[in-house]
Amino acid sequence: MAEQPTTLHLTDPGAMRALAHPTRLRLLGELRRRGPQTVGMLSDVLDEAVGSVSYHLRRLAEHGFVIEAPERARDRRERWWRAAHERTSWNLVEALEDPERQAASTLLRRAVLERYVERLRAYLDAEATLEPRWVRGTASSDSWLHLTSDELVELRADLEALAERWRARSDPDRPDAGTVTLMYHAFRDPR
């Protein structure tokens, strides 16, 4: 069984606001997905200027999202970076207790949602180029459920357990394994 991923639990509104930048979310995501990289490598992947990537990495480092990986460098000029944690989380109820934290949490969640939408659009643009064996497992759906607040908490735990079970099975070195994005949302409809 795979090790439990390391998780950074955010409580600082400043860190939430720093991560809410679209380029920073992409940088952190790439470092988590592909492992340690140089500024130049990240610049190529994100199609961003080297100076911009450097700036955003420094901002991420200020808040503990990324750290340098000097063991990868061939010389003192080459700077490698890695994600400091495999996941980032924050408690929504805790955020409600502090207006500044709640505003920062909402800002970050909106930025994450926009990143999800970008990723789904990229998939839709590429779907016709994929082999049918990869398209057959694609899923998009929604359901109207009538639950109590306790049942919603239970549903969240079930979804997290399901995602963890598949994360533990995940192995990028397995023959024929491809990167799969899993996204889910469960929330009370405010209407």
Side-chain angles (χ1 to χ4, degrees), residues 1-22 24-35 60 63-67 82-98 100-124 127 134-174 176-191:
M1 187 164 157
E3 279 185 36
Q4 286 291 85
T6 57
T7 302
L8 173 63
H9 181 75
L10 292 180
T11 57
D12 175 28
M16 291 178 186
R17 284 190 302 274
L19 186 56
H21 191 283
R24 293 182 201 135
L25 279 173
R26 289 182 65 208
L27 283 167
L28 183 57
E30 286 301 320
L31 290 171
R32 286 178 175 167
R33 178 179 174 195
R34 299 173 191 257
L60 288 170
H63 294 282
F65 295 108
V66 301
I67 56 175
R82 77 172 73 240
H85 307 89
E86 294 170 276
R87 294 182 179 170
T88 305
S89 71
W90 60 99
N91 185 303
L92 301 177
V93 174
E94 287 175 4
L96 292 175
E97 298 167 1
D98 173 16
E100 183 183 5
R101 193 178 339 167
Q102 198 277 327
S105 170
T106 298
L107 181 69
L108 178 52
R109 291 172 69 205
R110 288 180 191 276
V112 169
L113 177 61
E114 289 299 319
R115 183 69 187 126
Y116 290 164
V117 169
E118 284 175 24
R119 291 169 66 188
L120 182 55
R121 283 189 177 132
Y123 168 78
L124 292 174
E127 185 177 62
W134 284 106
V135 177
R136 72 180 177 179
T138 299
S140 289
S141 181
D142 60 70
S143 299
W144 297 101
L145 307 173
H146 302 280
L147 307 175
T148 66
S149 60
D150 287 340
E151 289 170 332
L152 179 57
V153 170
E154 184 180 346
L155 174 60
R156 180 181 117 184
D158 288 349
L159 291 169
E160 289 173 349
L162 179 64
E164 181 54 33
R165 181 171 62 105
W166 283 96
R167 188 203 66 78
R169 187 171 170 177
S170 175
D171 180 357
D173 298 325
R174 192 173 48 196
D176 200 37
T179 301
V180 172
T181 298
L182 171 64
M183 293 184 246
Y184 56 84
H185 300 277
F187 52 89
R188 185 188 186 288
D189 191 328
R191 292 176 280 152

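The two atoms that bring Pro13 and Asp98 nearest to each other are CG-OD2, 4.4 Å, heavy atoms only. Contact detail for Ala83 and Leu31: the closest heavy-atom pair is N-CB, 3.9 Å. The two residues Leu8 and Gly64 make their nearest non-hydrogen contact at CD2-O, 4.3 Å.
Under a 4.0 Å N-O distance rule, the pair Arg167/Glu160 does not qualify as a salt bridge. A salt bridge is defined here as a Lys NZ or Arg NE, NH1 or NH2 lying under 4.0 Å from an Asp or Glu carboxylate O, and Glu86 with Arg32 fails to meet this definition.
With a 6.0 Å radius and a threshold of 12 heavy atoms from other residues, nucleotides or ligands, Arg156 has its CZ atom at or below the threshold.
Take Asp12 and apply the side-chain contact (heavy atoms from CB on, under 4.5 Å) test, not counting sequence neighbours, and it matches Ala15, His63. Judged as a side-chain contact (heavy atoms from CB on, under 4.5 Å), and not counting sequence neighbours, the contacts of Asp171 are Asp173, Arg174. Not a single salt bridge (Lys or Arg N to Asp or Glu O under 4.0 Å) links Glu127 to another residue, sequence neighbours left out. Shown here are the side chain to side chain donor-acceptor pair (under 3.5 Å) partners of Ser143, two or more places apart in sequence or in another chain: there are none. Annotation: salt bridge (Lys or Arg N to Asp or Glu O under 4.0 Å) contacts of Arg34 (sequence neighbours excluded): Glu30.
Rounding to the nearest 0.5 angstrom, the gap separating the CD atom in Glu151 from the CG atom in Asp158 is 11.0 Å. With rounding to the nearest 0.5 Å, the separation of CG in Leu60 from CD1 in Ile67 is 12.5 Å. Rounded to the nearest 0.5 angstrom, Asn91 CG and Thr11 OG1 are separated by 10.5 Å. Atom CZ of Phe65 sits about 5.5 Å away from atom OG1 of Thr88, to the nearest 0.5 Å. Between atom CG of residue Leu10 and atom CD of residue Glu94 there is a gap of 10.5 Å, rounded to the nearest 0.5 Å.
Put simply, the side chain of Thr6 does not reach to within 4.5 Å of the side chain of Arg87, judged on heavy atoms.
At distances below 3.5 Å, not a single donor-acceptor pair connects side-chain atoms of Arg115 with backbone N or O atoms of Leu25.
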Starting from the C-alpha separation in whole Å, work towards a yes-or-no answer on side-chain contact (heavy atoms from CB on, under 4.5 Å) for Arg119 and Arg26.
-> CA-CA 10 Å; Arg119 291 169 66 188; Arg26 289 182 65 208; over 6 Å; no

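Side-chain polar atoms of Tyr123 and Thr138 form a donor-acceptor pair below 3.5 angstrom.
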Could you give the side-chain donor-acceptor pairs of residues 104-113 under 3.5 Å, partners two or more places apart or in another chain?
from: Ser105; atom 1: OG; to: Trp90; atom 2: NE1; distance (Å): 2.8
from: Thr106; atom 1: OG1; to: Gln102; atom 2: O; distance (Å): 3.0
from: Thr106; atom 1: OG1; to: Gln102; atom 2: NE2; distance (Å): 3.1

